Amino acid sequence: MEDKLRLTLDCVGSIKKDENLCVVQLKEKKYDLQLTFITNQNMGCELLMRLDDSPVGKSRLQRLLPEVMWESLRGFSDSEDYEMCIESVESDGEYRTVLYNKIYGGHYDIRLADAVLLQEVSGIPLYIRKSLAKSQMFHPTGKRNVTALPLNVMPLEVLEKSLAECIENEDYRAAQRLNEEINKRKSIIKEDERDEGN
């Protein structure tokens, strides 16, 4: 465990001016760091339900598919048989997260949002590589409703909206950084399309 940090779900919020996307914040307790990523509204609602510690909230979860499926599988497997780890950032801006079976040695790629949901449902721990945490995690800002999100994991549509806002607000330094990331992503998309055509 020396090369990994344990993450837990901290909060789920919204993105200003975009109702279809949610911001998810994970926390790491030992070094007081946070990892932020963006997911769709439906997954945001699923995660938000798991943060409700009230008796009504907990009873509401008992009949939902993820909880029912995990409960039905518990006789065959235990959360201690698995772990998940955020390994890298892919060229498309997605975190590469892997579910490891510690008993049989199998591993499976899983979306980060699904990994967080699986951790909430099953207790399977979610980690991030320390080497990746150095570039992707931040100390909490201390400001309410403000969080840090690395450019390399912002969805393309969010980057483009942010670029338009920066230009409108005449923040050309931020606009230049956003434009560079957008151009990098679009060139990767074009390369991938060319490779698929060959």
Side-chain angles (χ1 to χ4, degrees), residues 1 4-87 89 94-103 108-130 132-133 136-150 153-155 158:
M1 297 298 168
K4 296 177 278 196
L5 300 174
R6 175 78 190 266
L7 301 174
T8 56
L9 179 60
D10 186 33
C11 64
V12 178
S14 59
I15 294 181
K16 188 171 94 175
K17 300 180 185 176
D18 197 329
E19 298 172 0
N20 299 317
L21 298 174
C22 289
V23 176
V24 179
Q25 204 170 73
L26 305 176
K27 68 180 174 183
E28 186 282 328
K29 290 182 182 177
K30 184 177 179 182
Y31 300 103
D32 188 32
L33 295 171
Q34 68 183 27
L35 180 78
T36 306
F37 69 97
I38 295 176
T39 190
N40 62 53
Q41 183 184 28
N42 290 339
M43 182 57 81
C45 290
E46 289 289 326
L47 295 174
L48 202 54
M49 281 193 292
R50 273 71 185 186
L51 286 172
D52 185 354
D53 280 342
S54 70
V56 173
K58 287 184 178 189
S59 68
R60 200 177 340 170
L61 296 176
Q62 291 176 350
R63 293 177 21 195
L64 296 181
L65 180 62
E67 280 76 9
V68 170
M69 287 301 297
W70 179 250
E71 199 57 38
S72 72
L73 295 172
R74 282 181 56 169
F76 302 101
S77 194
D78 194 87
S79 61
E80 294 172 6
D81 297 344
Y82 299 93
E83 72 178 29
M84 298 175 287
C85 189
I86 304 169
E87 300 285 345
V89 177
E94 293 285 327
Y95 282 110
R96 179 172 181 264
T97 308
V98 180
L99 169 66
Y100 292 98
N101 182 316
K102 297 189 305 188
I103 304 299
Y108 312 91
D109 286 348
I110 183 171
R111 291 185 318 166
L112 178 54
D114 291 316
V116 174
L117 179 60
L118 184 56
Q119 176 175 244
E120 291 301 304
V121 170
S122 68
I124 295 172
L126 174 63
Y127 299 95
I128 185 170
R129 296 271 174 219
K130 278 187 179 178
L132 182 61
Q136 299 300 118
M137 296 185 78
F138 303 96
H139 290 284
T141 62
K143 297 178 183 176
R144 202 170 152 208
N145 298 326
V146 176
T147 187
L149 180 67
V153 294
M154 288 176 73
V158 174

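Not measured: the values here are computed from a predicted model. Every heavy atom of this structure was used, including side-chain atoms; hydrogens, water molecules and symmetry mates were not. Note that the numbering runs from 1 along the sequence shown for the chain.
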Exercise for the section: Decide yes or no for Leu132 and Glu87: does some side-chain heavy atom of the first lie under 4.5 Å from some side-chain heavy atom of the second? Expected result: no

Practice task
Write down the atom of Ser122, the atom of Ser79, and the distance for their closest heavy-atom approach.
Solution key: O-CB, 3.3 Å

Using residues 113-120 as the side-chain source, report each donor-acceptor pair under 3.5 Å to any protein atom, sequence neighbours left out, with the distance given to one decimal.
residue : atom : partner : partner atom : Å
Asp114  : OD1  : Arg111  : NH2          : 3.1
Asp114  : OD2  : Arg111  : NE           : 2.6
Asp114  : OD2  : Arg111  : NH2          : 3.0
Gln119  : OE1  : Arg6    : NE           : 3.3
Gln119  : OE1  : Arg6    : NH2          : 3.3
Gln119  : OE1  : Leu126  : N            : 2.8
Gln119  : NE2  : Leu7    : O            : 3.2

Completion exercise
Minimal heavy-atom distance between Tyr100 and Val98, with the atoms involved, is CZ-CG1, 3.5 Å

Practice task
Would you give the length of the straight line joining atom NZ of Lys27 to atom OG1 of Thr8, rounded to the nearest 0.5 angstrom?
Solution key: 5.0 Å

Exercise for the section: Check the pair Met84, Ile124 against side-chain contact (heavy atoms from CB on, under 4.5 Å), reporting the backbone distance first and the verdict last. Expected result: CA-CA 7 Å; Met84 298 175 287; Ile124 295 172; 3.8 Å; yes

Handout entry: Set of salt bridge (charged side-chain N to carboxylate O under 4.0 Å, His left out) partners for Glu71, sequence neighbours left out
Key = Arg74

Problem - Any side-chain heavy-atom pair of Leu26 and Leu9 under 4.5 Å - result: yes

Completion exercise
CD1 (Ile103) and OG (Ser77) are apart, to the nearest 0.5 Å, by 7.5 Å

Completion exercise
Interatomic distance, CG@Leu5 vs OH@Tyr127, rounded to 0.5 Å, equals 10.5 Å

Fill in the blank from the handout: Between Pro155 and Ile38, the two heavy atoms sitting closest are CD-CD1, 3.5 Å

Handout entry: Spacing of Asp10 atom CG and Leu35 atom CG [to the nearest 0.5 Å]
Key = 11.5 Å

Problem - Interatomic spacing from CZ in Arg60 to OG in Ser54 - rounded to 0.5 Å - result: 6.5 Å

Handout entry: Minimum side-chain heavy-atom gap Arg50-Val12 below 4.5 Å
Key = no

Practice task
Kindly compute the distance separating CD1 (Ile110) from CZ (Arg96), expressed to the nearest 0.5 Å.
Solution key: 12.5 Å

Practice task
Report yes if some heavy atom in the side chain of Met49 is under 4.5 Å from a heavy atom in the side chain of Leu61; otherwise report no.
Solution key: yes

Handout entry: Side chain to side chain, Glu28 and Ile128, heavy atoms closer than 4.5 Å
Key = no

Handout entry: Evaluation steps, side-chain contact (heavy atoms from CB on, under 4.5 Å), between Arg129 and Lys4
Key = CA-CA 5 Å; Arg129 296 271 174 219; Lys4 296 177 278 196; 3.6 Å; yes

Practice task
Report yes if some heavy atom in the side chain of Tyr95 is under 4.5 Å from a heavy atom in the side chain of Gln136; otherwise report no.
Solution key: yes

Handout entry: Trace of the side-chain contact (heavy atoms from CB on, under 4.5 Å) decision for Ser14 with Glu19
Key = CA-CA 7 Å; Ser14 59; Glu19 298 172 0; over 6 Å; no

